[in-house]
Amino acid sequence: MSRGDCVAMEPRAGVSKQDIREQIWDHMESQNLADFPRPVHHRIPNFKSNKTLLVPTPRLRTGLFNKITPPPGATKDILRKCATSQGVRNYSVPIGLDSRVLVDLVVVGSVAVSEKGWRIGKGEGYADLEYAMMVSIGAVSKETPVVTIVHDCQVVDIPEELLEEHDIAVDYILTPTRVITTGCERPQPMGITWSKISREMMEKIPVLRSLRAREQQAGKDVTLQGEHQHLPEPGRQQAVPLSAGRRPPDTPGPEANSMEAAHGSPAGEGAPLAADVYVGNLPRDARVSDLKRALRELGSVPLRLTWQGPQRRAFLRYPDSAAAQQAVSCLQGLRLGTDTLRVALARQQRDK
């Protein structure tokens with residue numbers, strides 16, 4: 001492949017990141033340079049380059065890291081499947097936030113990148129967020145090299161004024177014909193910029209809620225995009241608005257609390273209200289170890305776990321109502337196998 005396949009793009013006044021994305025996408029489609037999936041618009045382009053890639057869990061749905069472990073004697077076909085989203089579900093185990101994993105090399109996808117190391121992704125911000133999360137848990141440092149693998153046509157000039165604080169830069173660019181050392185001295189993000197995180201992203205990414213709770217406990221400013229009010233201080237009770245006479249669907253009433261009391265949960269005078277969290281819709285074949293592992297990975301380990309497998313539910317005891325509410329927020333969207341769990345505050349009844 002020759003350099004003649006590259007895009008000739010001169011910097012011009014008023015150019016935007018989206019302008020650069022569209023020019024790259026249009027060129028790769030018109031020249032048939034992109035591999036599956038097609039069309040390449042609104043994606044990180046794929047192309048064959050005789051390189052072996054390991055793919056992270058898409059969109060951070062099940063955590064920050066997944067370790068792919070192919071079965072013994074895996075065939076070539078199974079190895080290919082291991083690098084797909086289905087393969088991640090079938091042949092990987094999640095790595096929790098407390099695993100103290102150290103990343104030696106970060107490989108990131110790009111739509112466009114400059115020889116100075118400035119990068120443009122597809123516009124959703126997941127790569128920048130993944131890097132910021134790794135910084136937050138100490139998995140990477142400023143010495144960790146960042147590499148991107150692109151087609152020659154994706155190496156273009158990018159105006160510096162387009163760069164933002166949360167954008168990651170790259171140290172090396174690999175193309176089918178070149179290895180470019182950028183020598184980039186632009187500082188990498190120092191952690192998560194919470195003011196760039198929306199409520200929608202918080203709902204979609206459970207591990208992000210767990211990291212936010214940690215940083216809030218550490219006294220950091222974790223105000224989200226569009227928020228103008230101070231968050232409650234750690235440990236302070238937070239009111240949970242529920243309509244009178246109603247409870248969330250599938251949330252246990254007095255009869256479930258009686259069952260929990262039979263397992264030794266304190267329900268007498270002076271017990272903290274709303275300190276228990278109800279977890280429902282457990283898979284029929286789920287084991288208590290499955291739920292414990294998921295809780296550890298999300299950083300929401302309770303004081304005690306009451307398992308009621310035949311009823312497909314469990315109760316989690318937290319030290320106070322604020323911690324319980326925080327756990328409910330963190331665990332929303334949690335899945336065991338193919339089932340999404342139901343999570344809500346358990347309504348306690350005082351023993352009269």
Is the backbone of [Y] close enough, under 3.5 Å, to the side chain of [X] for a donor and an acceptor to pair up by distance?
{"X": "Arg313", "Y": "Tyr278", "answer": "no"}
{"X": "Gln332", "Y": "Glu203", "answer": "no"}
{"X": "Gln154", "Y": "Val111", "answer": "yes"}
{"X": "Asp339", "Y": "Asn281", "answer": "no"}
{"X": "Ser16", "Y": "Asp19", "answer": "yes"}
{"X": "Thr306", "Y": "Ala314", "answer": "no"}
{"X": "Asp290", "Y": "Arg287", "answer": "yes"}

Which residues pass the salt bridge (charged side-chain N to carboxylate O under 4.0 Å, His left out) test with [X], not counting sequence neighbours?
{"X": "Asp26", "result": "none"}
{"X": "Lys292", "result": "none"}
{"X": "Arg119", "result": "Asp128"}

For [X], check side-chain contact (heavy atoms from CB on, under 4.5 Å) against everything at least two apart and list the hits.
{"X": "Ser114", "value": "Lys116, Trp118, Ile158"}
{"X": "Lys220", "value": "Glu215"}
{"X": "Asp171", "value": "Pro145, Val146"}

| request: Start with the C-alpha distance between Lys196 and Glu165, add both sets of side-chain angles, then the distance that settles salt bridge (charged side-chain N to carboxylate O under 4.0 Å, His left out), and finish with yes or no. | output: CA-CA 10 Å; Lys196 296 285 186 180; Glu165 181 184 0; over 6 Å; no
| After noting the C-alpha distance and the side-chain angles of Asp77 and Lys81, does the key distance pass the salt bridge (charged side-chain N to carboxylate O under 4.0 Å, His left out) rule? | CA-CA 6 Å; Asp77 183 55; Lys81 289 180 180 178; 3.5 Å; yes
Is it true that the side chains of [X] and [Y] contain a donor and an acceptor less than 3.5 Å apart?
{"X": "Arg21", "Y": "Gln18", "answer": "yes"}
{"X": "Ser198", "Y": "Glu200", "answer": "no"}
{"X": "Asn46", "Y": "Arg38", "answer": "no"}

| message | Between Thr175 and Ile173, does the side chain to side chain contact (heavy atoms under 4.5 Å, CB included) criterion hold? Intermediate values first, please. | response | CA-CA 7 Å; Thr175 81; Ile173 305 170; 4.1 Å; yes
If every non-hydrogen atom of [X] is compared with every non-hydrogen atom of [Y], which pair is closest and at what distance?
{"X": "His151", "Y": "Met28", "value": "CB-CE, 3.9 Å"}
{"X": "Leu129", "Y": "Met201", "value": "CD2-CE, 3.5 Å"}
{"X": "Ala324", "Y": "Asp276", "value": "CB-N, 4.4 Å"}
{"X": "Glu115", "Y": "Val155", "value": "CG-CG1, 3.7 Å"}
{"X": "Ile20", "Y": "Asp157", "value": "CD1-O, 4.3 Å"}
{"X": "Arg43", "Y": "Trp25", "value": "O-NE1, 3.0 Å"}

| task | Take Glu164 and Lys17 through the side chain to side chain contact (heavy atoms under 4.5 Å, CB included) test and state the conclusion after the steps. | result | CA-CA 11 Å; Glu164 300 179 70; Lys17 288 183 176 180; 3.4 Å; yes
| said: Walk me through whether Leu331 and Leu316 qualify under side chain to side chain contact (heavy atoms under 4.5 Å, CB included). | reply: CA-CA 11 Å; Leu331 300 178; Leu316 314 178; 3.9 Å; yes
Same cluster or not: [X] versus [Y], using hydrophobic residues (I, L, V, M, F, W, Y) connected whenever any side-chain heavy atoms lie under 4.5 Å apart?
{"X": "Leu163", "Y": "Val170", "result": "no"}
{"X": "Val103", "Y": "Tyr131", "result": "yes"}
{"X": "Leu291", "Y": "Val301", "result": "no"}
{"X": "Leu336", "Y": "Val343", "result": "yes"}
{"X": "Val106", "Y": "Leu102", "result": "no"}

| field | Gln188/Asp167 under side chain to side chain contact (heavy atoms under 4.5 Å, CB included): CA gap, chis, key distance, verdict | value | CA-CA 8 Å; Gln188 298 284 27; Asp167 289 334; over 6 Å; no
